[in-house]
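Data block below; observations after.
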Amino acid sequence: EAIRVIGGTEALFITYNRYVDKFKALFEPYPNIKVNHFGNLIGRNNYSKCTSVVFAGTFDWGPLEYFSEVSAVKGERVDLTTVQNKTTPFVSDEVNEFYSTLIALGLYQDLMRCDLRDASSEEVVNLYLWSHNDKIIDKVVSWLPGIGVEVESVPDDLGSSRQSQSISTE
């Protein structure tokens with residue numbers, strides 16, 4: 001799916017660290033596709049020519065990280081009860097808002113590694129983010145004035161909210 005939507009554009013494909021080598025091997029015949037992982041892009045400028053960015057997932061630090069941060073920010077007791085298999089993983093609306101904002105901010109930071117950060121560029125930048133969490137997508141979109149949004153269905157192979165242990169080569 002990524003190869004189809006990217007075509008011949010210079011692209012940054014962002015995935016989980018454990019999949020980097022697998023995706024690099026898969027994309028070896030496509031030198032226009034650069035692969036890196038969540039958490040390894042902060043401060044990098046070597047993807048500034050990329051006009052397509054594909055997020056293969058969203059980087060979730062896990063509940064303990066969000067618990068620590070929201071508790072530190074709030075300075076008071078918060079409801080940290082979790083809900084399994086939901087796009088809003090916490091019972092508390094306030095904690096869910098904090099959670100989705102931090103994930104969206106991480107995506108935005110990774111996105112700023114591409115050509116989009118060059119205000120003088122007239123290149124169209126394509127961002128592909130497949131997620132069932134509309135709140136995260138809405139936040140990223142709100143930080144990108146003038147962006148055109150096309151809502152598409154999530155490809156079947158990417159439809160699971162769980163990280164699979166294998167990558168489809170189809």
Side-chain angles (χ1 to χ4, degrees), residues 1-2 5 11-20 23 34-48 50-119 121 124-155 157-164:
E1 184 68 17
V5 298
L12 172 58
F13 187 92
I14 305 167
T15 187
Y16 303 99
N17 187 26
R18 69 179 178 205
Y19 296 139
V20 167
F23 277 115
K34 314 297 186 250
V35 179
N36 210 319
H37 63 87
F38 294 108
N40 195 40
L41 293 165
I42 295 172
R44 291 185 178 260
N45 294 316
N46 48 330
Y47 303 109
S48 63
C50 292
T51 56
S52 290
V53 181
V54 176
F55 290 95
T58 54
F59 193 50
D60 188 331
W61 294 94
L64 289 179
E65 180 66 27
Y66 300 104
F67 293 168
S68 299
E69 291 193 35
V70 76
S71 296
V73 170
K74 290 287 296 168
E76 59 188 57
R77 188 179 183 138
V78 292
D79 183 356
L80 302 177
T81 308
T82 60
V83 180
Q84 296 300 313
N85 298 320
K86 301 286 181 184
T87 57
T88 53
F90 304 100
V91 171
S92 165
D93 289 340
E94 186 175 34
V95 176
N96 279 319
E97 179 66 21
F98 191 86
Y99 164 82
S100 62
T101 299
L102 283 182
I103 290 178
L105 185 58
L107 293 171
Y108 180 82
Q109 286 295 328
D110 288 348
L111 181 58
M112 287 298 112
R113 303 302 105 208
C114 75
D115 187 77
L116 186 66
R117 74 184 286 181
D118 181 357
S121 175
V124 171
V125 174
N126 296 303
L127 162 66
Y128 302 96
L129 171 59
W130 290 288
S131 175
H132 291 293
N133 193 327
D134 292 339
K135 191 172 211 168
I136 291 170
I137 293 172
D138 290 345
K139 283 184 181 298
V140 173
V141 167
S142 74
W143 298 331
L144 300 167
I147 190 171
V149 177
E150 293 181 27
V151 178
E152 298 180 8
S153 61
V154 175
D157 287 348
L158 301 174
S160 171
S161 62
R162 301 256 184 236
Q163 294 181 34
S164 68

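In this structure the side chain of Val20 never reaches within 4.5 angstrom of the side chain of Asn40, judged on heavy atoms. Taking the side chain as every heavy atom from C-beta outward, Leu144 and Val140 approach each other to under 4.5 Å. No side-chain heavy atom of Gln109 sits less than 4.5 Å from a side-chain heavy atom of Leu41.
Classification of the Trp143-Tyr108 ring pair by plane angle, with boundaries at 30° and 60°, yields perpendicular.
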Chi angles and distances behind the side-chain contact (heavy atoms from CB on, under 4.5 Å) call for Lys34, Asn46: CA-CA 10 Å; Lys34 314 297 186 250; Asn46 48 330; over 6 Å; no
His37 vs Arg18, side-chain contact (heavy atoms from CB on, under 4.5 Å): CA-CA, chis, key distance, verdict: CA-CA 8 Å; His37 63 87; Arg18 69 179 178 205; over 6 Å; no
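For the atom pair Tyr47 OH and Ile14 CD1, the distance stands at 9.0 Å (nearest 0.5 Å). Note: Asn36 CG to Asn17 CG = 9.0 Å, rounded to the nearest 0.5 Å. Remark: Ile42 CD1 to Asp110 CG distance equals 7.5 Å, nearest 0.5 Å.
Closest approach of Ala56 and Tyr16 over heavy atoms only: O-CE1, 3.4 Å. Nearest heavy atom pair, residue Phe23 against residue Val35, reads CB-CG1, 4.0 Å. Closest non-hydrogen pair, Ala2 versus Val54, comes out as CB-CG1, 4.5 Å.
Remark: Leu102 engages Tyr66, Glu69, Phe98 in a side chain to side chain contact (heavy atoms under 4.5 Å, CB included) (not counting sequence neighbours).
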